[in-house]
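Notes follow the structure.
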Amino acid sequence: HRIPLNREASLVARAARTRQPVVIDNVQKEEGFMANSLLPDTHSELAVPIMLGDDLIGVLDVQDDKIALFGENEVQAKQILANQIAVAVQNARSFQITQEALSESAELYRGSELVNKAGSINDVLQALVNAVDIEDIERANIMLYNVPWTNAEPDHATVYAVWEYDERAPRAPIGTRYSVAQFPIVQMVKPGQPVIVHDADNEPLEDENLLRLLQALGMRSVIFYPL
């Protein structure tokens, strides 16, 4: 059930807009009142904004069948309850953020452990694939330049390890060589700055050679991680 904040007749929307509690003794007599079919006998209604600092995160809405039920004491009590709800939401969000950070740390640790145990470049690639939490990943490979890319630009990159999700014959097998000069996008890969192509079919690519390669390999999305 959703309530647009610009709905004038809604007490919940009014409380959200004004950031102040709204009390109605008899909503049945309110002009433009929009009754809830699940609560047809509602008369008294109290809407209290739930604030987290200066941010509005929700509205506490309380209803009753009796007329003029919510006095000043009730409003104060519900305001305290709304404040407690805000704190609880903040704690829940903080807990979720902490859990996500712990999960990411655990994945990094597991990936590092698998890489350290790897006995070959293929084992390193398999460890990285297992450690990366990406659904529907179809293929991955490790390419190494003929010389380290420092001041001078290497001539080419060679595929040293290949992984395919269904263990099919790799579309770009080990030993496949790519000329650096032919793929301008490679020069965009900097330490700590991966390059991402989200959708080769609809995303404008200045690197036409890369586009043709992705189409030939049947690939739409790709990410280049620097090593």
Side-chain angles (χ1 to χ4, degrees), residues 1-7 10-22 36 38 45-63 74-118 123-143 161 163-165 185 188-205 214 219-227:
H1 183 69
R2 296 182 178 182
I3 301 176
L5 293 185
N6 61 357
R7 180 175 291 177
S10 169
L11 271 66
V12 171
R14 193 188 310 173
R17 291 194 303 269
T18 62
R19 306 294 204 269
Q20 296 293 328
V22 177
N36 186 331
L38 299 177
E45 185 170 357
L46 166 62
V48 182
I50 301 174
M51 304 293 298
L52 192 55
D54 294 330
D55 297 328
L56 174 75
I57 64 172
V59 175
L60 172 62
D61 185 49
V62 185
Q63 303 179 16
E74 281 292 330
V75 173
Q76 292 178 355
K78 296 303 184 288
Q79 182 65 72
I80 292 173
L81 179 58
N83 295 340
Q84 292 173 339
I85 292 173
V87 172
V89 169
Q90 183 180 36
N91 291 340
R93 289 177 175 175
S94 298
F95 177 78
Q96 182 178 1
I97 292 172
T98 301
Q99 291 300 107
E100 290 174 353
L102 289 174
S103 177
E104 291 176 0
S105 298
E107 287 180 6
L108 290 173
Y109 176 80
R110 183 169 64 92
S112 299
E113 186 179 26
L114 292 173
V115 168
N116 289 334
K117 291 180 179 179
D123 291 339
V124 169
L125 180 59
Q126 183 65 59
L128 292 173
V129 170
N130 290 340
V132 174
D133 185 20
I134 300 178
E135 295 183 0
D136 300 327
I137 183 172
E138 294 186 359
R139 63 191 60 87
N141 58 48
I142 291 179
M143 295 184 293
W163 175 87
E164 295 271 354
Y165 80 100
I185 198 169
M188 297 171 59
V189 181
K190 306 295 182 183
Q193 298 179 11
V195 174
I196 303 174
V197 177
H198 296 283
D199 186 352
D201 290 347
N202 298 298
E203 186 174 332
L205 285 178
L214 294 178
M219 299 166 59
R220 294 182 62 180
S221 301
V222 62
I223 181 168
F224 297 92
Y225 285 104
L227 298 177

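Separation of atoms CG (Leu81) and CD1 (Ile50) is listed at 8.0 Å; rounding is to 0.5 Å. Put simply, CD1 on Ile85 and CG on Leu60 are 5.0 Å apart, with the number rounded to the nearest 0.5 Å. Interatomic distance, NZ of Lys117 versus CG of Asp123, reported as 12.5 Å (0.5 Å rounding). Atom CD in Gln79 sits 9.0 Å away from atom CG in Leu46 (nearest 0.5 Å).
Closest of all the heavy-atom pairs between Leu5 and Ala13 is O-CB, 3.5 Å. Nearest heavy atoms, Arg7 versus Arg17: O-NH1, 3.4 Å. Ala15 and Val59 make their closest contact through CB-CG1, 4.3 Å (heavy atoms, listed as atom of the first residue, atom of the second, distance). Leu52 and Ala86 make their closest contact through CD1-O, 3.6 Å (heavy atoms, listed as atom of the first residue, atom of the second, distance).
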Inset, instruction - List the steps and the verdict of side chain to side chain contact (heavy atoms under 4.5 Å, CB included) for Asn202 and Arg220. - result: CA-CA 9 Å; Asn202 298 298; Arg220 294 182 62 180; 3.7 Å; yes
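With Val62 as reference, Lys78 is the one residue of Glu74, Glu45, Lys78 to meet the side chain to side chain contact (heavy atoms under 4.5 Å, CB included) rule.
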For residues 89-97, please give each side-chain donor-acceptor pair under 3.5 Å, one per line with the distance, not counting sequence neighbours.
unit_1: Asn91; atom_1: ND2; unit_2: Val87; atom_2: O; d: 3.4
unit_1: Ser94; atom_1: OG; unit_2: Gln90; atom_2: O; d: 3.0
unit_1: Gln96; atom_1: NE2; unit_2: Glu100; atom_2: OE2; d: 3.4

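Looking at Arg19, its side chain never comes within 3.5 Å of a backbone N or O of Pro49 through a donor-acceptor pair.
Applying the side chain to side chain contact (heavy atoms under 4.5 Å, CB included) test to Ile80 and every residue at least two apart in sequence or in another chain returns Gln84. The salt bridge (charged side-chain N to carboxylate O under 4.0 Å, His left out) check on Asp55 picks up nothing, with sequence neighbours excluded.
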